[in-house]
Amino acid sequence: MTSPRTEIKTTTCYMCACRCGIRVHLRDGKLRYIDGNPEHPINRGVICAKGSSGIMKQYSPARLTRPLKRREGAERGAGEFAEIGWDEAFDILEKRLAHIRATDPRKFALFTGRDQMQALTGLFARQFGTPNYAAHGGFCSVNMAAGMIYTIGGSFWEFGGPDLERAKLFVMIGTAEDHHSNPLKIAISEFKRRGGRFVSINPVRTGYSAIADEWVPIRPGTDGALLLAIVHEVIALGLFDRDFLVRYTNAGQLVNLDERSDDYGLLVRDPATPEENPEYAHNQLWWDRHSGQPVRTHSEGADPHLLGTFRLPDGRVVKPAFQLLEERVKPYTPEWAENITGVPAATIRRLAQEMGIVARDEKIELPIAWTDCWGKEHASVTGNPVAFHAMRGLAAHSNGFQTIRALAILMTLLGTIDRPGGFRHKAPFPRAIPPAAKPPRGPEAVKPDTPLGGLALGWPASPEDLFIDSAGEPVRIDKGFSWEYPLSVHGLMHSVITNAVNEDPYRLDTLMIFMANMAWNSTMNSVEVRKMLNARADDGEYKIPFLVVCDTFQSEMTAFADLVLPDTTYLERHDVMSMLDRPISEFDGPVDSVRVPVVPPPAGCKPFQDVLIELAGRLKLPAFTQGDGKRRYRDYPDFILRYETEPGSGIGFLAGWRGTGGEKFMHGEPNPRQWEMYAQNNCVFHHRLPPSYQYMRNWNKGYMEWAQRVRIRRFGDPIILQLYSEVLQKFRLAADGKWGTRRPPERLRARIKTYFDPLPFYYEPLERQATDGTRYPLAAITQRPMAMYHSWDSQNAWLRQIHAHNHLHVNPRTAAAQGIGDGDWIWVESPWGRVRCLAKLSEAVEPGTVWTWNAIGKQPGAWQLAAGANEARKGFLLNHLISDTLRTADGSAISNSDPITGQAGWYDVRVRIYKAGAEEPRETWPQFEALHAYPGMAREVPEEIAYDASGGRK
Ligand code: SF4
């Protein structure tokens, strides 16, 4: 008998979005087990329950294994498919897409879920020429990205985070129970061992909040009020870092307060020193304390007033931005915030003092010399060790952008930006404020057989950057970058189906969805959206005529497809986590990584990246085509090796092992052995910057020069933190008929003037404003469970043993008021619908909130779960209660989204709860027809699957 051949292959996990390094152990080519890779910088060998359960993804009975075409005459949603070959699938797509591209490229829309290939999908869409492209960000946490990036040039998660290695106080706000899973768990555990204090502000005390030293329960959607009250206290007590504010922020810059002028509310420019770079001007003025005169910022020897009112020689009254901030937060007292948030005023005061005192009195000094962008040499790097982490709990509200501005401003006042012990950027951040990439400005950017004239997603700096037509109406199907959602930097995926069906602003032809379950957990208003997917126009054709769904598993969404494309798992394909996209950089420098196949895919499956490369070649999209008209790239691995952002730029998807022999990094000629070199190096490339480039990167001359050299930054100018946002004020001015040439339609004028405030302010989320709080007194929210990544794992045999259904968690006091006991069947009802579910009483939720884990409830038969599985009979989906549309005062419909960014207001719904009748069935409601297996899938799923010791199935 020959001894078994064992192998260990390294790749990158994708059981959640954290990108830990893993080792996959194989015996005779078969998967045996997965563990963490100790050599990987992200997780240093740690693996979580999800990561080690990746093996069960391979054995899921829900695997799609063939391209499928909806059977002639079968209704969408019924899941009636005929098996076809890939040639036929490509022929169908090529014919349809070529016609759309040659006639009206807007009619093709590509929207993707939580994928990690947006640089490729975005390139494909742009080359195709459609404006209708986005990934999941608009319904996830775009407020977090936009609110932070428009203020400090970076954000949390992939863009930056808390430096817990040196922090003394760590404040986490609105973060799910295991967001940023292994890396943050490792960092918190080390932080706590070193004696750091951890405060968690969250309506729910689970996950991270459960191990915090202090849990501060708060009512959902009110974080902005809390943060503004803390800002009030920090300013009132003088606990802000004045030196930091003066040099690195616009706190001292003078704002024009002459209401009659066209640039009212904008920063005053120095007429003597014209703007060197109009895109990012640096000729603002300070009011110098020494000379009593206005001087250009950063003038040698000058020291600006942060408070006061001044009159310029031309008579204009001006105030420093900090003065305006101080005036703004004056009424936001802790007592005012207590009424809104439920957090006692004394607690707010104590937290503000603690933050300010730790920042001021426990300063860190590192012996690292560096030079700032104005040429001043610093002998050391200093830091104020208060670190924050925040995520979707703040973001997924229709007031989230201004809330997150308030957080970024608090972090700035405490002087914690890109300093040791505070917030640290991760390459390619910090970006300019706003980043240079812009969407197109009008419909002329969309032309037949031509790439889109701009990026489908970008960062508007003013109304001039909106993507609108001459009537001021949207060009995109999701209305992104229109006056309705001007800074929708990640698009509005949650509006696509509703808008397309309503032909508002126009009808689509083909909607391609990748890795997003828009018929279930990735949509608001799921019951109605499912009807929309089946809606027909007067001519009998579907309102969305052709639906293409690419996924690895059968789901509620695939059932609605006209064409299903079976994807591969993360263990079967090449992937890149690119510097052009969302890499996995560390605080000390850029990091990118790859996945390489460790097992072959089933014969009928194809990686979506290869599908795009094939389609791009067939459609002859310019970036994918040679001069002689032949396709440029064989497949996705070949594309990754040879693609450059411009011919000869030396910048490609991967930063490591570039140059013909792999001797260069960040930029260099394509290297034919680059995949091999990544595979030999744990699938990760990590470039450590010299210590003098690792901090203060917004203003660090050496770092800026390096970043320009490697083309992470276009300009080398300092990135000044924006306590006061001129970008927002320009939109307000436009609504007042001033600044620029573009004006919002009359119906949106008041909306722009209200929400585009250059200083943060608190308002109730829009849905809450429109809901009768007496009838619906409770906030209802979701979070993902620690053992599953959203909905990805309810078909995972091991992880289903941890959760197979969810409960509605209710505070015992709230439950008692309704006569509800632990384990009772109850109704949870919003203005939009009701759901029957099981109640779980828990002190770990504030009394005004009920919550559940998202996406465990399933349609019967989805993912090949037995029709009677707990996921379908006891598990429930809160999305049935959340509307994607709200009514404005004049009765018109508007998306349930943040009016600035278009972020979906997932957590704004209000509900009431009551006991289900004794005679009612003991199962969840609504119920749906059972899905069944498609061709190529396992027809019958055994009750039990056993594996022998060698990994073979018995
Ligand atoms: S944290 Fe996420 S990426 Fe890391 S091992 Fe767990 S599932 Fe995989």
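Numbering of ligands and ligand atoms starts at 1, following listing order. Index from 1, following the sequence.
Using cut-offs of 30° and 60° on the angle between ring planes, the pair H397 and Y907 is perpendicular. Using cut-offs of 30° and 60° on the angle between ring planes, the pair F608 and F514 is parallel.
Regarding atom 6 (Fe) of ligand 1, its nearest protein heavy-atom neighbour is C48 SG, 2.2 Å. Among all non-hydrogen protein atoms, the one lying nearest atom 5 (S) of ligand 1 is N182 ND2, 3.4 Å. Closest to atom 2 (Fe) of ligand 1, if we only count protein heavy atoms, is C16 SG, 2.3 Å. Nearest protein heavy-atom contact of atom 8 (Fe) of ligand 1 is C13 SG, 2.3 Å.
No side-chain donor from either of S189 and K185 sits under 3.5 Å from a side-chain acceptor of the other. A side-chain donor from one of T569 and Q58 sits under 3.5 Å from a side-chain acceptor of the other.
For ligand 1, the atoms lying closer than 4.0 Å to a non-hydrogen atom of S181 are 1 (S). Close approach to K50 involves these atoms of ligand 1, each under 4.0 Å from a residue heavy atom: 7 (S). Less than 4.0 angstrom separates some heavy atom of R19 from each of these atoms of ligand 1: 3 (S).
None of H805, H809, H807 except one satisfies the ring-ring contact (aromatic ring centres under 6.0 Å, His included) rule with W853; the exception is H809.
Within the 2.8 Å limit, C20 places at least one N, O or S atom next to atom 4 (Fe) of ligand 1.
Counting heavy atoms of neighbouring residues, nucleotides and ligands inside a 6.0 Å radius, atom NZ of K9 exceeds 12 of them.
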